[in-house]
Amino acid sequence: MYVNTKDILEKASKEYYAVPAFNINNMEFFHAILDGALEKRAPLIIETSEGAIKYAGNGDILKGARYFVELVRLFADSVDIPIALHLDHGKHFEYIIAAIKAGYSSVMIDASEEPFEENMKKTKEIVKIAHAAGVSVEAELGQLAGVEDNVSAEESVLVDPQQAKIFVEETGVDFLAPAIGTSHGAFKFKGDAKLDFERLKTVKELTKRPLVLHGASSVLPEYVKLAEEYGADLGGAKGVPEEELKKCVELGINKVNTDTDLRIAFIAGLRKYLKENPKEFDPRHYLGAGKKLVKEVVMNRLEFLGAAGKA
Ligand SMILES: O=C(COP(=O)(O)O)NO
Ligand SMILES: [Ca+2]
Ligand code: NA
Ligand SMILES: [Zn+2]
């Protein structure tokens, strides 16, 4: 059934497990993710960036938002696991309003690059509008480095836990993404991953809200290797080890944004299939090869984050 993201996350926050939020840009990724969540009997959060909405709408923002709502609701209404659709990294009013109008479960207002007061002001505005429409809201404090669509910052600025307390109380935001050292994309760390667990623990204590980890892909070596075997060039790719993610969940992370891991799995499956099947040109076959590996990654992630069986 199609639900509000807040319903999924409040339960996760109470029981200290996490639900991955999987980014999609097209139908194939959605089907692969849905199949994985059904098999694992897990709640499912699907999320789309502004770029994904523009892509699906062929340039028309409202059409793109409605495309994803229709696609997700079509299946959500006929299965017995809870499914939510979330606007990821909403930075432009036009996309946030389109997502609310189209029927998204929740929206992120990402004004984390702005000064604290400005971030608070923008978030308050969106919370008022979204809550009036029964839509829940995510915001971000601190900055992640790395790139994601049109979101990039030179280096990460970690969240100030005292500010986080003021922020959630002032804005009424439903769930918060504290920057604790991760970054978007496949090249997250020069050396070893270093997340500020103490800071995360304090944010949870002070805010008592469901928390979101951005830039949470593990960049799984076996999939990087497979993609490279068939011609990909991903040298230096490094993600957040699964053990570190589990620690984040123990400290109160409940939504784990995962995009890069699915992209790497897909391209590995696609490259291998194309190389091994030079005569093939049916998109359902070669895209199907990508889907297969995406489903594997989805099921593994649902399992180790503790979402499996929680539907
Ligand atoms: O934060 C993310 C995804 O991060 P990754 O690049 O680590 O998958 N989406 O909002
Ligand atoms: Ca941001
Ligand atoms: Na988000
Ligand atoms: Zn993100």
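Both ligands and their constituent atoms are indexed starting at 1 by order of listing. For the single chain, residues carry numbers from 1 onward in sequence order.
- One finds no salt bridge joining K91 and E50 here, because no Lys/Arg side-chain nitrogen approaches an Asp/Glu carboxylate oxygen to under 4.0 Å.
- Among the heteroatoms counted here (N, O or S) of H214, ND1 is the one nearest to the Zn ion (ligand 4).
- Between E276 and K272, at least one side-chain nitrogen of the basic residue sits less than 4.0 Å from a carboxylate oxygen of the acidic one, meeting the salt-bridge criterion.
- Of all the N, O or S atoms in D88, the one closest to the Na ion (ligand 3) is OD1.
- Remark: at the Ca ion (ligand 2), atom OE2 from E140 and atom OD2 from D110 enclose 130°, rounded to the nearest 10 degrees.
- Under 3.0 Å from the Ca ion (ligand 2) lies an N/O/S atom of S112, whether from backbone or side chain.
- For residues 33-43, the set of pairs meeting the salt bridge (Lys or Arg N to Asp or Glu O under 4.0 Å) definition, not counting sequence neighbours, comprises E39-K295, K40-E303, R41-D80.
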Worksheet entry | Working for side chain to side chain donor-acceptor pair (under 3.5 Å), residues D88 and N23 | CA-CA 8 Å; D88 191 24; N23 288 78; 3.0 Å; yes

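- Because the distance cut-off is set at 3.0 Å, H86 qualifies as a neighbour of the Na ion (ligand 3) through one of its N, O or S atoms.
- The angle that H89 NE2 and H184 NE2 make at the Zn ion (ligand 4), rounded to 10°, works out to 100°.
- Between K201 and E205, at least one side-chain nitrogen of the basic residue sits less than 4.0 Å from a carboxylate oxygen of the acidic one, meeting the salt-bridge criterion.
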